[in-house]
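Just below is one structure, and these are the notes that go with it.
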Amino acid sequence: MTTDSRKFSFKLYVLLPLIMAITIFLWCVPTSFFGIDGLTIVEKRTIAIFVFAALMWMFEVIPTWTTSVAIIVVMLLTISDSSFWFMRGSGIPSEIGTLVSYKSLLSTFADPTIMLFLGGFILAIAATKVGLDVQLARVLLWPFGKKPKFVLLGFLLVIGLFSMFMSNTATAAMMLTFLAPVLKTLPPDGKGRIGLALAIPIAANLGGIGTPIGTPPNAIAMSYLNDTLHMGVGFGDWTLVMFPYVIVMLLISWLILLRMFPFKAKTIELNITGAMKREPNTYIVAATFAVTILLWMLDKVTGINSNVVAMIPVGVFCVTGVITKDDLKEINWSVLWMVAGGIALGIAMNSTGLAEHLVASIPFGSWTPIIVLLASGFLGYFISNFISNTAAANLIVPILSAVGVGMGASLDEVGGVKTLLVGVALSTSLAMLFPISTPPNALAHSTGLVTTRDMTKVGLIIGVVGFVLGYALLIFVGI
């Protein structure tokens, strides 16, 4: 029996029954088992589905995208307003709880984030067809030479810088288009290309921390600090502290990736073959590519959401014939469906009230300031590994804002409310354990080079280091 066969047998006959047993147990126990006041039956089912999804994603018992599809189907049949009649119950409504709209669950397959992915994939396919991706890869990587460690550093710095000013997902989608040809040139038996692929989500996630507009959780924290608490935290205040933090974290990530995924060769010969085709389609793709990137970077100025911008190349390329119906088969639909599962899980947690109950069940008021600070950061980090960073921040920041005001001057010893709210925003961006944790993670996973296990190991190390350094910086330097 081969190693792969043994792994498959272990997953199928040991892990799967164990995960199913845990899920059924959580599904069947009374709501009082969880010790959360006001927990409803629907919320209890959501906990069971949440644990099932987390374990299946973590151990990859079945492909990650199939887990996503499975949990969406289970949620539709058990916790939605169009589930089996006996799942909706005939008991007291307050005990059964709030059912999730089946339309909201089904709409996850066409969620704006999915459309952003779709636009990125279409852009990549079109660029490849005309050879634009090859040319861009040459230009961007030329300054970093041929030594593997400097090429990796180039990947991290370029992606991190772009991610400070535009959507993390858009950055990852764009850079994957640039860097895919480089990944293909590396030896298939070396670990170095895994590190290069992982550099995409790591740099995109970390880079977003650098500015208030880098990622939505930053903007949410800034909004509460300025509009609700009137603390006058400016763009420069944030960037002055967080930009150096991002650079340090990118350098640390560089060392971690070099250690965990060493390159076999001493040099990388970037023999990126091919050239741009000299034809009308090339100019259409190049112009659309440039306009799309510019609009992604200026979304705050134009007011056009990056998800909407992603549809521009879809429309232009389909109408002009750059993309044909055969090209649509090249879209990585499994990645889109995998992301949809994570979005659906987040919708279920929020719509049923489970997420709010989980946060509210933690007795912040009776804890010391440092415990409140670290616990809130850990909570943001944990939740963001399973639901969107924005949803996590939207859930936690308002509650912590009230907690911070209630604790008053006692928080001053650990940096005050600023540290409390900015710390949560930072923590959500450090959450990158699984392919479903962030869209950039899913994009890296779509390359086929990165396993969930590798992503989890690296994500955990960077998360712990980033958490410690981030809170040390906020407590002793502040914003």
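All heavy atoms count here, side chains included; hydrogens, waters and symmetry mates do not.
In this structure, the side chain of Thr451 engages the main chain of Asp454 through a donor-acceptor pair within 3.5 Å. Ser68 places a side-chain N or O within donor-acceptor distance of the main-chain N or O of Met338, the cut-off being under 3.5 Å. Of the possible polar contacts, none joining the Ser223 side chain to the Ala219 backbone as a donor-acceptor pair under 3.5 Å is found. Of the possible polar contacts, none joining the Thr452 side chain to the Phe434 backbone as a donor-acceptor pair under 3.5 Å is found. The backbone N or O of Tyr381 lies less than 3.5 Å from no partner atom in the side chain of Ser384, so there is not a single donor-acceptor pair. Of the possible donor and acceptor atoms, one in the side chain of Thr447 sits under 3.5 Å from a partner among the backbone N and O of Ala444. Here the side chain of Thr108 pairs a donor or acceptor atom with the backbone of Leu105 at under 3.5 angstrom. Here the side chain of Trp254 pairs no donor or acceptor atom with the backbone of Ala199 at under 3.5 angstrom. Under the 3.5 Å distance criterion, the side-chain polar atoms of Ser401 are left unmatched by any main-chain donor or acceptor of Val397. No side-chain donor-acceptor contact under 3.5 Å links Ser163 to the backbone of Ile159.
The closest side-chain heavy-atom distance from Glu330 to Thr128 is not below 4.5 Å. For the pair Met242 and Leu474, the minimum side-chain heavy-atom distance is below 4.5 Å. The side-chain heavy atoms of Leu433 and Phe382, taken from C-beta on, include no pair separated by under 4.5 Å. Within the 4.5 Å cutoff, the side chain of Ser429 has no heavy atoms near those of the Asn205 side chain. Contact of the Leu469 side chain with the Leu473 side chain is not registered, since no non-hydrogen atoms from C-beta on lie closer than 4.5 Å. Side-chain contact check for Ile436 versus Thr64: every heavy-atom pair is 4.5 Å or farther apart. Proximity of Thr215 to Thr428: side-chain heavy atoms (C-beta onward) are nowhere separated by under 4.5 Å. By the 4.5 Å heavy-atom criterion applied to side chains, Leu420 and Leu411 are counted as neighbours.
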Test side chain to side chain contact (heavy atoms under 4.5 Å, CB included) on Asn441 and Val450; report intermediate values, then the result.
CA-CA 9 Å; Asn441 282 30; Val450 181; over 6 Å; no

Derivation and outcome, side chain to side chain contact (heavy atoms under 4.5 Å, CB included), residues Lys418 and Leu229
CA-CA 10 Å; Lys418 291 181 183 178; Leu229 303 177; over 6 Å; no

Show your reasoning for whether side chain to side chain contact (heavy atoms under 4.5 Å, CB included) applies to Phe155 and Ile202.
CA-CA 10 Å; Phe155 277 36; Ile202 289 171; over 6 Å; no

Give the C-alpha distance, both sets of side-chain angles, the deciding distance and a yes or no for side chain to side chain contact (heavy atoms under 4.5 Å, CB included) between Ile347 and Met75.
CA-CA 11 Å; Ile347 288 173; Met75 286 190 287; over 6 Å; no

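Met222 and Val233 make their closest contact through CE-O, 3.2 Å (heavy atoms, listed as atom of the first residue, atom of the second, distance). Closest heavy-atom contact between Phe121 and Ile331: CD1-CG2, 3.9 Å. Taking both residues in full, the closest heavy atoms of Leu118 and Leu336 are given as N-CD2, 4.2 Å, listed atom of the first, atom of the second, then distance. The shortest non-hydrogen separation linking Gly377 to Phe467 is C-CE1, 3.5 Å. Between Asn168 and Gly208, the closest heavy-atom pair is OD1-CA, 3.6 Å. Of all heavy-atom pairs spanning Val241 and Pro244, the tightest one is O-CD, 3.3 Å.
In this structure, Leu379 CG and Ile396 CD1 are separated by 4.0 Å, a value rounded to the nearest 0.5 Å. One distance of note links CG of Asp327 with CD1 of Ile125; it measures 6.5 Å at 0.5 Å rounding. Considering OG1 of Thr282 and CG of Leu132, their distance stands at 8.0 Å, rounded to 0.5 Å. A distance of 10.0 Å separates CH2 in Trp296 from CG in Asn307, rounded to the nearest 0.5 Å. Interatomic distance, Ile114 CD1 to Ser107 OG, rounded to the nearest 0.5 Å: 10.5 Å. Expressed to the nearest 0.5 Å, how far OG of Ser437 lies from CG of Leu430 amounts to 12.0 Å.
Remark: aromatic rings of Phe386 and Phe50 are close, center separation under 6.0 Å.
Counted within 6.0 Å of NZ on Lys149, heavy atoms from surrounding residues, nucleotides or ligands total 12 or fewer; the atom is thus considered open. In Lys191, the NZ atom is not crowded: 12 or fewer heavy atoms of neighbouring residues, nucleotides or ligands sit closer than 6.0 Å. Applying the 6.0 Å contact sphere to CH2 of Trp65 captures no more than 12 heavy atoms from other residues, nucleotides or ligands.
Partners of Trp337 by ring-ring contact (aromatic ring centres under 6.0 Å, His included), not counting sequence neighbours, listed by chain and number: Phe109. Here Phe378 pairs with nothing under the ring-ring contact (aromatic ring centres under 6.0 Å, His included) rule; sequence neighbours left out.
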